[in-house]
Amino acid sequence: MSENHENTVRPIGAASDEWPLWEVFVRSSRGLSHVHAGSLHAPDATMAVRNARDLYTRRNEGTSVWVVPSEAVTASDPDAKGAYFESAQGKSYRHATYYTKSEGVKHL
Amino acid sequence: MTTQNSGLHAVAAAEPAEQAELDRAGQEHFDRIIAEDSRIEPRDWMPAAYRRTLVRQISQHAHSEIIGMQPEGNWISRAPSLKRKAILMAKVQDEAGHGLYLYSAAETLGTPRSELNQQLLDGRAKYSSIFNYPARTWADMGAIGWLVDGAAIANQVPLCRASYGPYGRAMVRICKEESFHQRQGWEILHELSHGTPAQKQMAQDAVNRFYGPSLQMFGPPDDDSPNSKQSMAWNIKRFSNDELRQRFVDMIVEQAAALDLTLPDPDLKWNEERGHYDYGPLDWDEFKAVVGGRGPCNLQRMQRRRQAHEDGAWVREAAAAYARRTAPERAPAELIGA
Amino acid sequence: MSYASHESATRISAGTAITAEDIRAGGAKAPEDVARYALQLGDDALMLSQRLGWWIARAPELEEDIALANIALDLLGHARFFLTYAGTAWGRTEDELAYFRDEEEFRSCRLVEQENGDFGQTIARQLIFSYYQYELYRRLVRSTDPTLAAIAEKALKEIEYHQDHAGQWVLRLGLGTEESKRRIAAGLHYMWPYVDELFHDDELVDALGDVAVRPSGLRADFDARIRAILQEAELSVPEVLGAYGGDRSGQFSEQRGHILAEMQVLARQHPGATW
């Protein structure tokens with residue numbers, strides 16, 4: 001890629017005015033994690049953060065935003081396959097509700 | 001259809017041999033999700049027609065938000081008080097935001113925004129016909145808020161439960177934000193109808209002009225709406241056009257009375273038996289003509305959109321060039337290699 | 001002469017979120033000179049907001065429609081604060097001041113009245129004005145008039161964003177393409193003759209003492225920061241002399257009449273009406 005650097009300063013091709021897609025994550029208040037809010041287009045990360053603030057926090061919905069190039073996200077297999085998450089389903093002992101003997105005992 | 005490689009969005013097609021098996025399993029999964037009234041997510045298998053229907057519907061909806069900025073934007077410079085100017089500016093800004101939420105949802109189906117935008121600019125995509133009517137007077141800002149946004153909300157609330165996850169989520173956000181849009185419109189009309197005789201007349205005139213077209217926003221009557229049935233089977237649409245229209249009429253009759261304005265429909269009356277208001281026939285010839293491009297402002301709206309796009313090309317190019325120049329390693333491959 | 005702060009005692013205090021309604025309800029009555037000063041600040045913000053509002057639904061990209069609308073809305077908010085406060089001196093509302101003053105009664109500078117032109121010209125005006133306002137408001141927060149100080153504090157946070165927005169775009173236009181460089185340079189050239197008057201001291205400022213900020217005192221910081229951002233964008237400070245004929249005493253641009261004709265037309269068709 002870097003060898004193209006010098007040559008790509010000028011616009012090239014018909015789609016030279018297209019901006020890439022970014023995924024936006026918003027932290028709605030301190031103490032909460034960033035949650036996916038949607039996406040937007042921006043020429044670069046700096047502008048993406050600004051656009052995200054304008055678009056996704058017009059009503060004080062956020063205290064912080066993250067932007068990630070959509071292409072940089074690696075997802076698990078399509079949700080349809082399901083199996084990826086099924087192994088967790090058989091492990092009910094990971095949940096507190098699995099342990100019933102202690103019912104009625106306080107502070108446990 | 002272009003398919004993106006983004007991990008969050010639509011999945012690229014598999015090899016043909018493999019595809020048949022994927023399709024069979026996919027259809028089964030899809031049918032089960034729909035039967036459970038659960039949600040389809042971007043990387044799930046979905047029937048091509050479902051995807052196509054959604055892209056068309058969501059992008060039309062997005063285009064409507066964007067074109068819909070124009071009639072109201074037309075009054076920002078002349079709003080008669082600074083408070084109204086601020087409210088109107090915020091509202092039109094919201095519409096740009098709503099357009100973006102919707103384009104964002106449509107893009108998860110694999111069609112990039114540039115393509116959707118091109119469809120609009122080429123006249124291949126439709127947007128809500130109501131925006132092809134002129135916003136002549138300040139009272140139109142009231143009528144658009146009350147009737148047009150009101151009809152839009154009536155349409156949109158059930159869409160919050162649409163079977164396609166990103167669409168439903170966009171609609172939830174939009175409905176939450178739009179509640180102020182309808183109220184500010186009603187308030188504008190209320191101020192006018194309780195103001196000077198000239199103001200009251202302005203308000204009545206606007207309601208007279210927007211009443212019919214706003215009822216038409218729900219689409220053609222059920223017996224003339226071929227796509228509705230499939231959309232309902234897919235849990236995209238939850239109520240028929242006529243059901244939603246009736247619900248809207250029932251709501252606005254009382255609201256009009258509270259405004260001390262009349263609705264321009266001599267047939268409008270309470271039907272005890274049905275438990276609904278009866279309303280007169282709508283001019284579907286006019287509706288079809290306006291959809292077909294003969295509305296008072298079709299050309300003007302499109303011209304303005306194209307102009308903005310063309311005038312902005314050098315700016316978008318400059319920003320893209322700057323991005324390549326300053327951070328080539330972070331710019332997407334297709335922009336660098338092109 | 002300076003005004004003791006108790007003369008404009010108000011429930012508004014710096015740091016709280018304020019609205020035009022709060023200022024009215026606060027009951028502070030601006031002294032005449034303070035009101036005239038507030039009017040200048042309000043008129044600048046109002047005119048620029050009116051100009052920027054034009055861009056909504058015309059910007060180069062939808063995201064930018066939203067950004068420019070945000071800035072226009074912020075400025076309109078500032079205008080409402082200042083006009084509301086100014087109006088307390090004369091028993092006039094923000095709307096009476098905005099809609100029922102004639103051209104010669106406005107006190108805006110010529111820069112904010114200039115045509116939008118292309119995006120480059122608009123960004124050039126934004127750069128100059130937001131950098132100027134930043135220097136102004138970061139000093140005005142220490143005004144001995146508590147209402148002005150409170151408005152400035154609220155506005156300053158927003159101006160920082162306007163400044164950042166303009167700066168980011170100047171970098172992208174300056175370093176983007178040949179065409180964008182040409183256009184932003186042309187925009188700066190067009191706007192530059194109206195820079196000098198922003199820093200012009202007048203009798204009103206002399207009279208107000210610590211209530212106001214002396215414009216001439218902002219120039220050095222403004223110049224240094226503008227030079228830095230233009231240098232980073234590989235642009236030069238235009239070598240253009242200031243245009244004659246501008247100060248805030250009633251001299252104004254040809255464009256002002258057009259702006260007001262459009263802004264005021266409906267309100268004036270229905271004098272006394274409420275909306």
Side-chain angles (χ1 to χ4, degrees), chain B residues 62 65-86 88-90 92-97 99-100 103 113 117 137-138 187-188 191-192 194-196 198-199 202 304-305 307-309 311-326, chain C residues 20-21 46 49-66 68-70 72-73 76-77 79-80 83-84 93-95 97-99 118-120 123 168-169 171-177 179-181 183-184 259 262-270 272-275:
Chain B
E65 296 281 357
I66 301 308
I67 297 292
M69 294 167 71
Q70 291 184 32
E72 289 174 291
N74 177 37
W75 278 94
I76 289 174
S77 63
R78 294 174 292 166
S81 77
L82 297 184
K83 182 178 96 176
R84 292 285 166 212
K85 190 191 285 287
L88 186 60
M89 223 187 258
V92 178
Q93 186 199 36
D94 271 352
E95 282 154 11
L100 288 180
Y103 283 129
R113 190 165 103 200
N117 187 46
T137 70
W138 173 251
E187 204 186 276
I188 286 174
E191 285 286 348
L192 294 176
H194 293 78
T196 66
Q199 283 179 304
M202 195 195 289
R304 163 90 170 267
R305 197 61 239 145
Q307 188 79 47
H309 186 72
D311 289 350
W314 69 271
V315 179
R316 295 189 303 273
E317 279 168 16
Y322 175 85
R324 290 192 295 271
R325 173 174 176 166
T326 52
Chain C
E21 287 81 2
L46 180 60
S49 173
Q50 183 77 3
R51 279 297 193 207
L52 290 175
W54 179 89
W55 279 102
I56 303 171
R58 290 187 177 90
E61 189 51 283
L62 296 172
E63 281 83 352
E64 195 55 29
D65 275 311
I66 293 179
L68 289 170
N70 248 357
L73 264 175
L76 181 54
R80 296 185 61 198
L83 293 188
T84 298
T93 65
E94 52 173 327
D95 287 334
L97 291 173
Y99 292 95
D118 66 4
F119 187 72
I123 290 297
Q168 293 295 343
W169 272 115
L171 290 177
R172 279 156 187 77
L173 299 183
L175 301 171
T177 64
E179 183 179 12
S180 67
K181 188 185 181 71
R183 286 183 187 246
I184 184 63
I259 297 173
E262 190 176 5
M263 186 175 88
Q264 297 176 334
V265 59
L266 177 60
R268 288 189 176 210
Q269 282 168 355
H270 302 266
T274 55
W275 304 93

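Throughout, protein chains are lettered first and strands after them, A, B, ... in sequence-line order, and every chain is numbered starting at 1. Values reported hereafter were calculated over all heavy atoms of this structure, with side chains retained and with hydrogens, waters and symmetry mates removed.
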Atom group of [X] that falls short of 4.5 Å from chain B, counting heavy atoms:
X: C/Ser49; value: both
X: C/Ala98; value: side chain
X: C/Leu73; value: both
X: C/Ala20; value: neither
X: C/Gln269; value: neither
X: C/Leu46; value: side chain
X: C/Leu83; value: side chain

Close side-chain approach of [X] and [Y], heavy atoms under 4.5 Å:
X: C/Leu266; Y: B/Thr137; value: no
X: C/Trp275; Y: B/Ile188; value: no
X: C/Arg58; Y: B/Asp311; value: no
X: B/Met89; Y: C/Ile56; value: yes
X: C/Ile66; Y: B/Leu100; value: yes
X: B/Val315; Y: C/Trp169; value: yes
X: B/Gln93; Y: C/Asn70; value: yes

Rounded to the nearest 0.5 Å, what's the gap from [atom1] on [X] to [atom2] on [Y]? Could you check?
X: C/Glu262; Y: B/Ile76; atom1: CD; atom2: CD1; value: 11.0 Å
X: C/Thr177; Y: B/Trp314; atom1: OG1; atom2: CH2; value: 7.5 Å
X: C/His270; Y: B/Leu192; atom1: NE2; atom2: CG; value: 8.5 Å
X: C/Tyr99; Y: B/Lys85; atom1: OH; atom2: NZ; value: 4.5 Å

With a 4.5 Å cut-off on heavy-atom pairs, point out which of [options] contacts chain C the most.
options: B/Met69, B/Glu95, B/Arg78; result: B/Arg78
options: B/Gly312, B/Ser81, B/Gly73, B/Ala308; result: B/Ser81
options: B/Gln307, B/Arg305, B/Lys83; result: B/Lys83

* Partners meeting salt bridge (Lys or Arg N to Asp or Glu O under 4.0 Å) with C/Glu64 (sequence neighbours left out) ->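 Testing C/Glu64 for salt bridge (Lys or Arg N to Asp or Glu O under 4.0 Å), a comparison that skips the adjacent residues, returns none.
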* Which residue out of C/Met263, C/Arg268, C/Arg80 racks up the most heavy-atom pairs below 4.5 Å with chain B? ->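 Sorted descending by pairs with chain B, the first entry is C/Arg80.
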* Which one, C/Glu63, C/Lys181, C/Glu21, C/Arg51, leads in non-hydrogen pairs under 4.5 Å with chain B? ->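 The residue among C/Glu63, C/Lys181, C/Glu21, C/Arg51 with the greatest pair count is C/Glu63.
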* When you look at B/Glu317 and C/Arg183, which way does the salt bridge (charged side-chain N to carboxylate O under 4.0 Å, His left out) test go after all the steps? -> CA-CA 13 Å; B/Glu317 279 168 16; C/Arg183 286 183 187 246; over 6 Å; no
* What part of B/Ile66 gets closer than 4.5 Å to chain C, counting heavy atoms only: side chain, backbone, both or neither? ->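 Looking at B/Ile66, just its side chain touches chain C.
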* **B/Leu82 versus chain C, the contacting section by heavy-atom distance below 4.5 Å** =>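 The answer is both parts of B/Leu82.
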* Asked: Can any side-chain N or O of C/Gln50 pair as donor or acceptor with the backbone N or O of B/Ser77 at less than 3.5 Å?
  ->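 Yes; judged by distance alone, with no hydrogens or angles, the pair exists.
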* Asked: Under 3.5 Å, is there a donor-acceptor pair between the side chain of B/Arg316 and the main chain of C/Pro60?
  ->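 Yes; judged by distance alone, with no hydrogens or angles, the pair exists.
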* Would you please name every residue forming a side-chain contact (heavy atoms from CB on, under 4.5 Å) with B/Glu191, sequence neighbours left out? =>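 For B/Glu191, the residues satisfying side-chain contact (heavy atoms from CB on, under 4.5 Å) (neighbours in sequence not counted) are B/Arg84, C/Thr274.
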* Asked: Which pair of non-hydrogen atoms, one from C/Gly176 and one from B/Ala321, has the smallest distance, and what is that distance?
  ->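 That would be O-CB, 3.5 Å.
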